[in-house]
Every structure is written in structure tokens, then in C-alpha cells.
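These notes are about the structure you will find just below.
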Amino acid sequence: MFIIQDKLHGLQQQINQLCEKYKRDANSITLLAVSKKHNIASIQQAIDAGQQDFGESYLQEALIKINHFTNLNYHLNWHFIGPIQSNKTKQLANNFSWIHSVDRLTIAERLNNQRCPNLPALNICIQVNIDNEPQKAGVSLEALTTLATSIQQLPRLSLRGLMAIPKAIASVKQQRDSFKRLHDAANALQLTTLSMGMSNDIEAAIAEGATIIRLGTAIFGARNDNE
Ligand SMILES: *Cc1c(COP(=O)(O)O)cnc(C)c1O
């Protein structure tokens, strides 16, 4: 019954311990509960345990959940972390408070133009293909500065930081190399949000300055892909 609550509690303790180890302030790290392919009852349990930040990757599925909890008067922070199709930008712009996966200017411009004027600026992270993997989304480090500078001109967007999904590798040292490159790139742009770190690389991410850790399976269990 209280499994999700216990998982969240355990993960927060793990984050706190890693923060002590690497001399980080635990309050500087947000645990983002990635709820894609998990149902409303599971999200409700996480909310009851105090969780307020949720990550989703599929728009239609996310809208059902967002509407459900908005109608119940919950004030949650919904983060979109999935691939962005340009015909979906209007709904993305007006239903989420964060978008982590912006990797091209045309998408940023559409989000900027479509964000409703009575909402605060939409928080943006640029997704960086930090290990130059051909199959992965994200802008290259070489093209990052140009994209970031252009996004900073868009008044309805607030460029907060960078997001990356590094290469799946076992060694903490190699994981740290990728995260350090992302941190250096964010520093050079004076951006303070680093959305990096998933269940298999939490330690390396915290060691290198992550401010948003994205965890799904570790909180909610295995995803049901037919749901
Ligand atoms: C699904 C997803 C996660 C969470 O993955 P888990 O393996 O369930 O922890 C994190 N980040 C992104 C971008 C994702 O798409």
C-alpha cells in the first residue's frame, strides 16, 4: 500500500547521503518523479507522500493526468521530458511549467509564440547530446551557444539550464566525465539548472552538480507499456 511512499523516502535519503558525501546542499536538488506510463492512482500516492514535480514524455497521456489533478485543485509542477513534435507545441506550451527537451530553435520559437500571455514565462532546458550519439536527440556542444543565445531573446521563455541523457556506461568515472562536460557548458552560459542523473547514474550526477534528478522505475516500479 505504501510502496511508492517508501521508495520516494528511500531515494530522498540516498540523495541526502550523496549530498553529504559530495558537499552539496540537498535543497539544491529536485527529485523529478517520472510518471510516464504510470496511472493516476500511482501519481496520487506520490502526491500524498509530498511529491510535487512530475515528468512526462507523451503529451496525450500527460494531458489526462494534468487535467485530472488540476480539476482537484492540486498545484503540481509538470515537466515535459520527451521528444517534441512541432504540431504539439501549443499544448506543451500551455500545460507544462518546464520543458527539458528543447533542441532546436524552431521548436523554441513556437513555444514562445504559443505560451499564453497570462502565464509566467515557460522554463526551458536545452537537451544536449553530450556523448554525440547518433541515435539520441539533443543539440551538439558545438551548436549549443548559438541556440542558447537565440532562446534567451525569446520573452515568453526562461532559459534555465541544460538536460542530457549520457551514454549508458557502468563506471562512475566515465559517467562523471559526461556530466562534467554538461556542467562546464552550463557555467559558460551562466545557466544554473542541470537536469541530469537517472537511476543508474545518480551518484555521478550529484558529484558533478545535478539540480534535477529524473527517476521513474525506482519510484513507481516497471512501466506497463500497454497502459
Ligand atoms: C523515462 C525517462 C526517465 C526515467 O527513466 P527510469 O529508467 O524509469 O528511471 C528519465 N529521463 C528521461 C528523459 C526519460 O525519458
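For reference, positions follow the sequence shown, starting with 1. Everything numeric in this text was worked out from a predicted model, so none of it was measured. Ligands are counted one by one from 1 in listed order, and the atoms in each one are counted from 1 as well.
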Identify the protein heavy atom lying closest to atom 14 (C) of ligand 1, giving its residue, its atom name and the separation to 0.1 Å.
K36 NZ, 3.0 Å
Nearest-contact summary for atom 11 (N) of ligand 1 - protein heavy atom, Å:
R214 NE, 2.8 Å
Looking only at distances, please establish whether an N/O atom of ligand 1 is found under 3.5 Å from an N/O atom of M198.
no
Give a yes or no on whether Q190 atom CD has more than 12 heavy-atom contacts from other residues, nucleotides or ligands under 6.0 Å away.
no
Please could you name the atoms of ligand 1 that S57 approaches to less than 4.0 Å, counting only its heavy atoms?
15 (O)
Students should be able to answer this: which protein heavy-atom is nearest to atom 7 (O) of ligand 1, and at what distance?
T217 OG1, 3.7 Å
Report yes or no: do T106 and R110 form a side-chain donor-acceptor pair below 3.5 Å?
no
Quick one: look up the protein heavy atom nearest atom 12 (C) of ligand 1 and list residue, atom name and how far away it is.
I81 CD1, 3.5 Å
For a side-chain contact (heavy atoms from CB on, under 4.5 Å) check, start with the C-alpha distance between I40 and K65, then their side-chain angles and the critical distance, and finish with the verdict.
CA-CA 6 Å; I40 280 173; K65 300 171 185 176; 4.2 Å; yes
Quick one: does H100 get within less than 4.0 Å of ligand 1, heavy atoms only?
no
Could you tell me the residue and atom name of the protein heavy atom closest to atom 9 (O) of ligand 1, and the distance to it rounded to 0.1 Å?
G216 N, 2.9 Å
Heavy-atom count around H68 NE2 within 6.0 Å, excluding the residue itself: above 12?
yes
Under a 4.0 angstrom heavy-atom cut-off, which atoms of ligand 1 come close to I165?
13 (C)
Is any NZ, NE, NH1 or NH2 atom of the basic residue among R176 and E208 found under 4.0 Å from an Asp or Glu carboxylate oxygen of the other?
yes
Side chain to side chain contact (heavy atoms under 4.5 Å, CB included), paired with Q127, selected from H100, R104, M163:
M163
Whether over 12 other heavy atoms sit under 6.0 Å from K136 NZ:
yes
